[in-house]
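The block underneath contains the structure these notes are about, expressed in structure tokens.
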Amino acid sequence: MANSSFLPSRPKIIFATVLLIFAALVAGLTILLPSTGSKTSGTALIGGPFTMINQKGETVTDQTYAGKYTLLFFGFTFCKDVCPTELQVMTAAFAQLGADADKIVPLFVSVDPDRDTPAVMASYVSSFDKRLQGLTGSPEQVAAMAKAYHVFYKKIPNPDDPKDYEMDHSSILYLMGPDGKFLKYFAYSTDAKGLADSLQMVLH
Ligand code: NI
């Protein structure tokens, strides 16, 4: 926890790259899959109903955000590099968007509900864009939402401290439309300007 650097370590970069390739494959398949005779349309494969608790302790569902774009990132507040880096990119992109950013609700979704209580989430999200909301819930609620968004996460015990652990997790940003349907994803490598430009194109 004494790590003062936000720079991703090499294993983290390799891990993030592998996930990125996987997400690209999933997204590619999603777009290419024909919906012949199936009730599941391609884009329905990412996202769906969820019930979680926001940073104010209120129950929220996918319907809470109906009519707004949502930009989702799954992670955990104890994350030393990937999460704070991505949320800083998001915050900078929202600053570039100006008033247009009000059309989007950014959501930071915890994959570490044991430590990420609503109070912890409230303190954490306050360091980033003022629109950022933090979602957590029971382990079952978190698992269900992560599954709906095809997000991988796994607890990695700290060999030096049995009470401590890291969470490996997918590092993809998902943009969902006002109808709750998947629109596009952004790789971890997307910079603030690239993200803002892309979001602007969707909004106009
Ligand atoms: Ni993280």
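Remember, it's a predicted structure, so these values are computed and weren't measured experimentally. Only this structure's heavy atoms are used, side chains among them; waters, hydrogens and symmetry mates stay out. One-based numbering along the sequence shown.
In this structure, the side chains of E166 and C79 stay at 4.5 Å or more apart for every pair of heavy atoms. Contact of the K181 side chain with the M176 side chain is not registered, since no non-hydrogen atoms from C-beta on lie closer than 4.5 Å. Here the side chains of L175 and Y185 are not in contact, with every heavy-atom distance at 4.5 Å or above. Contact annotation: the side chain of L72 approaches that of M145 to within less than 4.5 Å [non-hydrogen atoms, C-beta and beyond]. In this structure the side chain of Q133 reaches within 4.5 angstrom of the side chain of Y65, judged on heavy atoms. Taking the side chain as every heavy atom from C-beta outward, T136 and P118 approach each other to under 4.5 Å. Side-chain contact check for V89 versus L87: every heavy-atom pair is 4.5 Å or farther apart.
For the residue pair H204/D100, the side-chain donor-acceptor check at 3.5 Å is satisfied. Between the side chains of D116 and T77, at least one donor-acceptor pair of N or O atoms lies under 3.5 Å.
I104 contributes atom CD1, which lies 5.5 Å from atom CG of L97 (distance to the nearest 0.5 angstrom).
The cluster map of Ile, Leu, Val, Met, Phe, Trp and Tyr, joined by side-chain heavy atoms under 4.5 Å apart, puts I46 and V111 in the same cluster. V109 and V60 fall within the same hydrophobic cluster, defined by Ile, Leu, Val, Met, Phe, Trp and Tyr side-chain heavy atoms under 4.5 Å apart, directly or through other members. Residues F78 and L135 share a single hydrophobic cluster, defined by chaining ILVMFWY side chains whose heavy atoms lie under 4.5 Å apart. Hydrophobic clustering (side-chain heavy atoms under 4.5 Å, transitive across Ile, Leu, Val, Met, Phe, Trp, Tyr) groups Y188 together with L132.
Listed by chain and residue number, Y124 satisfy the ring pair (Phe, Tyr, Trp, His ring centres under 6.0 Å) test with F128 (two or more places apart in sequence, or in another chain).
T190 places no side-chain N or O within 3.5 Å of a backbone atom of F186 that could act as its donor or acceptor partner.
Applying the salt bridge (Lys or Arg N to Asp or Glu O under 4.0 Å) definition to pairs two or more places apart or across chains, those involving residues 131-159 are D102-R131, D114-K155, D129-R131.
By the 6.0 Å and 45° rule, R115 does not stack over the aromatic ring of F76.
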- Check step by step if side chain to side chain contact (heavy atoms under 4.5 Å, CB included) holds for Y69 and L199. CA-CA 10 Å; Y69 292 88; L199 291 173; over 6 Å; no

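Atom NZ of K103 sits in a crowded spot, with more than 12 heavy atoms from other residues, nucleotides or ligands closer than 6.0 Å.
Aromatic pair F74/Y153: centroids not less than 6.0 angstrom apart.
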